[in-house]
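The block underneath contains the structure these notes are about, expressed in structure tokens.
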Amino acid sequence: MDWCTEGTPSLVTAPVVTRHPRALESVATHYCPGCGHGITQRLLANALDELGVRERTVGVAAIGCSVLIYNYLDVDFQELPHGRAPAGATGIKRARPDLVVFTYQGDGDLAAIGTAEIVHAAARSENITVIFVNNCVYGMTGGQMAPTTLVGQRSETCREGRDPKLHGYPVRVAEMLATLDGAVYLERVSVTHPENVKAAYRAIRKAFAYQLEDRGFSLVEVLSPCPTNWGMTPSEAVRWIDEVVSRYYPLGVIKDCAPVHFAHLLEHPPAESPGAKLHGFHYETVAGPEADESGRLTRPQQPFGRRGGRWTAISSKDFQPESRPESGSQAESGGAAGSAGDPTPEDP
Amino acid sequence: MELWHTHLLREKIDQDSLLVQGNRACALGALDAGVRFFAGYPITPSSEIMETLARELPLVGGVFLQMEDEIASICACIGASLTGEVALTATSGPGFSLMQEALGYAVISEAPLVVVNVMRMGPSTGRPTTPSQGDVMQARWGTHGDHPAIVLAASNVADMYRLTMAAVRFAQRFRTPVTLLADEVVGHMRESFSPELAGRYRLTSGDFDFTETYIHPEMVREVHPHQLGALRHPHVTGLIHDETGFPTNDPKKSEQFLYELHDKVVHHRDELCLYDIKNEGRGRVCILAYGSCARSARAALRLAEQEGLPVEVLHLYTLFPLPVEIVQKVARRVEFMLIPELNLGQYAREVRKMAENWTTVVSMGKVDGTLIAPQEILERVEELVGKYESI
């Protein structure tokens with residue numbers, strides 16, 4: 001269990017974690033085989049242990065498969081009505097700022113019924129951490145189309161694949177929230193391969209570290225396989241994330257910036273401040289590998305979905321389950337779901 | 001009893017009484033009751049509660065939050081409530097509809113919470129600045145599933161102050177959401193007000209000791225077993241759960257859980273059912289009223305006394321749990337029970353269930369957006385008494 005042992009710079013420097021996290025209950029999960037929830041929750045538990053905040057952490061769970069986290073994490077837990085977790089977390093954090101508050105939500109919960117709550121929690125820059133598990137489908141209710149379901153992806157409620165004319169286009173939550181000044185840290189990760197799991201761990205740890213530094217709203221979007229509802233084997237599901245899903249939802253830091261303060265705008269009215277015409281502030285959007293402070297080992301090539309700075313829709317028809325490409329950057333990582341705990345050779 | 005600790009009132013302590021608006025009195029009552037968390041969304045005709053608390057709460061170290069909608073407002077209040085903070089939110093009909101799901105969550109997770117609903121005419125957007133009592137049954141049955149409800153109704157500015165305090169006390173004592181109903185007229189009218197001016201509230205077991213409604217700081221600090229952030233690692237859920245807080249599918253435990261939720265409210269009717277009777281035991285007709293209609297009923301009583309008509313007034317401050325004992329006690333001795341209300345007879349149906357074995361329940365609903373005038377009630381009383389004479 002040494003997948004997070006390499007030294008990392010800045011605030012996320014932390015000791016080696018090699019034992020069962022205290023924040024994780026010693027029970028077998030009852031998630032489906034190949035599900036990403038188990039890995040994500042383990043990472044969450046590790047991060048809470050490593051930062052030493054388990055005793056003052058309150059988790060707010062949502063409705064869906066994500067709610068089952070209460071079985072596995074040994075922290076204070078509150079579950080709220082569908083989609084309302086960020087609002088409840090707001091109340092907890094405002095009433096008790098000394099607590100570490102996170103929400104753990106799925107994509108149906110956060111991106112459909114809870115859109116208003118997540119957008120406004122980010123806009124208010126609530127000092128909370130959101131773990132957003134995105135598997136492009138409603139899992140617990142049996143595989144219906146989610147707001148994040150890809151164009152062309154089949155589900156119980158779009159049997160012939162999601163048709164944009166009928167169902168519109170998937171929502172990129174992290175990019176959407178990046179336009180809000182209140183959101184200070186947004187990163188998309190996946191839990192498919194050891195390298196990605198390591199990066200996911202660093203992202204989650206960083207998000208909590210930011211909360212401890214009172215920086216404001218942070219969200220880590222975790223692309224997670226759902227083999228059961230995708231109708232795939234676990235390894236197919238992992239490959240589908242790498243080859244299709246992460247092209248529409250590119251991995252990496254979407255936004256990482258210090259809190260934006262508007263005090264200077266109030267002191268200098270827009271008429272006197274030329275910068276005010278351009279909103280009077282700027283934030284740094286980190287996209288390239290050179291700006292990656294967390295030192296992650298691999299990064300997918302420049303997102304396929306982004307061409308000339310504009311988003312284009314990617315169809316899942318690009319995905320060919322039979323013809324697995326053996327060359328290229330994706331193939332070299334070639335692991336399978338559940339390999340999170342495997343020791344991984346370090347690239348110097 | 002030192003209730004006048006709020007910044008606003010301290011400035012004016014020398015005056016005998018103040019001209020205070022109903023919504024403002026509600027906010028002051030909340031502050032005096034120990035409310036230190038408010039999350040809300042502006043809506044006519046309840047916005048003044050929010051505005052007052054936005055000014056006052058930071059002065060007493062509380063948290064004020066304006067949220068994106070009523071759903072998030074009540075959820076934030078629930079979150080704060082579960083950390084041990086005394087939370088309150090205020091809204092009107094459309095916002096109250098949005099809150100219903102989370103209200104059920106507060107019931108099942110036993111989160112103490114006060115929701116003030118300043119009723120306006122509905123359904124939907126309705127007529128925002130006209131009074132109504134159309135949300136009475138929504139306050140009882142708005143959220144899905146079998147659940148208990150504590151619903152109070154304020155009829156004047158002093159009520160807004162004192163019943164808000166009573167609502168906070170009931171919520172903390174029974175760990176359940178309490179709904180305080182007012183209507184647009186009660187919320188917006190200005191009356192001279194001081195705590196001493198308020199009328200008395202009676203319980204079947206005696207008078208309601210108003211001085212006890214003040215939430216003592218120690219009472220708030222008391223750590224509840226499922227309080228968050230108290231090193232107890234509770235799990236709070238909207239699922240049916242057992243005593244550990246974790247979900248259960250056991251039929252026996254589920255049944256026991258639901259009965260316990262109900263019993264803690266229904267078995268304490270003697271502590272909860274606030275009422276007042278005027279002209280007790282001297283009426284053939286009892287005017288049963290609540291909210292702003294109770295003001296008209298009291299005025300009608302004075303007119304009836306001048307005419308020598310045998311009328312008494314039962315003024316209910318607690319609508320739910322149903323004040324069965326007192327309603328049936330009065331029903332046994334009167335021929336008619338007249339219920340004026342600003343809806344199509346919602347509470348009259350409840351009274352009929354309780355009292356129709358002993359008396360004739362007459363509903364007097366009005367939904368044109370105006371108040372029921374004392375004269376209208378008097379005419380109806382004369383009609384009923386005349387009917388009685390002719391029989």
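Throughout, a chain's letter reflects where its sequence line sits, starting with A, and its residues are numbered from 1.
Here A:Arg96 does not pair with B:Glu85 in a salt bridge; the nearest charged N to carboxylate O distance is not below 4.0 Å. A salt bridge is absent between B:Arg24 and B:Glu48: the closest approach of a Lys/Arg side-chain nitrogen to an acidic carboxylate oxygen does not fall below 4.0 angstrom.
If you measure heavy-atom distances from A:Leu80 to chain B, the contacts under 4.5 Å come from both the backbone and the side chain. Heavy-atom distances place the backbone of A:Val75, and not its side chain, under 4.5 Å from chain B. Heavy-atom distances place no part of A:Arg56 under 4.5 Å from chain B, backbone and side chain included. Residue A:Asp74 touches chain B through both its backbone and its side chain, counting heavy-atom pairs closer than 4.5 Å.
Using cut-offs of 30° and 60° for the angle between ring planes, the A:His37 and A:Tyr104 rings count as tilted.
Aromatic pair A:Tyr70/A:Phe77: ring centres not closer than 6.0 Å.
Among B:Ile78, B:Ile74, B:Ile71, the residue making the largest number of heavy-atom pairs under 4.5 Å with chain A is B:Ile71.
Looking at B:Arg175, B:Arg173, B:Lys264 one by one, the single match for salt bridge (charged side-chain N to carboxylate O under 4.0 Å, His left out) with B:Glu110 turns out to be B:Lys264.
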